[in-house]
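Below is one structure, written out as structure tokens, with a few remarks after it.
These numbers come from the heavy atoms of this one structure, side chains and all, not from hydrogens, waters or symmetry mates.
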Amino acid sequence: MRGSAPLQNGENMQRLIRLSQLASTPTRQGLLPVSPTTIWRWLKTDPNFPKPIKIGKGITAWQLNEIDTWLNGFQSSAKESSK
């Protein structure tokens with residue numbers, strides 16, 4: 001799957017992002033500048049990190065709007081702590 005795929009969720013279309021698009025590797029830049037291992041670690045240690053959804057056998061994805069919300073909250077708290 002290339003790009004994020006729409007998923008019908010009531011009246012809202014939800015965009016999904018897979019781990020290969022979310023995390024970065026030495027040869028490919030993802031949405032976040034962290035490794036796939038870091039994403040899985042955040043899932044276990046950060047209660048605010050969005051939970052993935054299973055969309056098929058061996059296919060896990062995150063709702064892009066939840067990732068955006070998490071990033072905005074993370075950035076807001078970083079700005080407030082630097083004041």
Side-chain angles (χ1 to χ4, degrees):
M1 170 168 75
R2 294 255 181 220
S4 13
L7 173 71
Q8 188 69 34
N9 185 4
E11 292 184 29
N12 299 327
M13 293 292 283
Q14 298 296 318
R15 296 189 63 149
L16 301 178
I17 187 168
R18 297 201 42 203
L19 182 62
S20 61
Q21 301 162 304
L22 186 59
S24 297
T25 66
T27 58
R28 183 195 35 73
Q29 181 65 37
L31 179 65
L32 300 174
V34 298
S35 71
T37 303
T38 298
I39 299 293
W40 292 117
R41 185 179 315 118
W42 285 346
L43 270 171
K44 292 178 181 179
T45 61
D46 182 351
N48 297 316
F49 191 76
K51 303 297 181 236
I53 57 174
K54 294 292 273 181
I55 58 175
K57 186 175 181 174
I59 303 172
T60 302
W62 284 259
Q63 291 187 19
L64 190 55
N65 65 331
E66 290 183 4
I67 295 294
D68 287 339
T69 300
W70 178 80
L71 278 172
N72 288 335
F74 181 75
Q75 291 170 347
S76 295
S77 65
K79 285 180 186 176
E80 288 180 22
S81 66
S82 66
K83 289 183 179 180

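Separation of atoms CG (Leu31) and OG (Ser20) is listed at 11.5 Å; rounding is to 0.5 Å. Note: Ile67 CD1 to Arg15 CZ = 13.5 Å, rounded to the nearest 0.5 Å.
Contact annotation: the side chain of Leu16 never approaches that of Leu64 to less than 4.5 Å [non-hydrogen atoms, C-beta and beyond]. Side chains of Leu43 and Lys51 form a contact here, defined as non-hydrogen atoms less than 4.5 Å apart.
In terms of the ring-ring contact (aromatic ring centres under 6.0 Å, His included) criterion, residue partners of Trp40 (sequence neighbours excluded) are, by chain and number, Trp62. For Asn65, the side-chain hydrogen bond (donor to acceptor under 3.5 Å, both in side chains) criterion is met by Gln14, not counting sequence neighbours. Qualifying side chain to side chain contact (heavy atoms under 4.5 Å, CB included) partners for Ser35, counting only residues two or more places apart in sequence or in other chains: Thr37, Thr38.
Judged purely by atom type and a 3.5 angstrom limit, Ser24 has no side-chain atom pairing as donor or acceptor with the backbone of Gln29. Although no hydrogens or angles enter the test, the distance criterion places no donor-acceptor pair under 3.5 Å between the side chain of Arg28 and the main chain of Gln21.
Below 30°, between 30° and 60°, or above 60°: for Trp70 and Phe49 the angle between ring planes is above 60°, a perpendicular geometry.
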Working for side-chain contact (heavy atoms from CB on, under 4.5 Å), residues Leu22 and Val34
CA-CA 9 Å; Leu22 186 59; Val34 298; over 6 Å; no

Check residues 53-61 and write down every donor-acceptor pair under 3.5 Å in which the side-chain atom is one partner and the other belongs to a residue at least two apart or another chain.
none

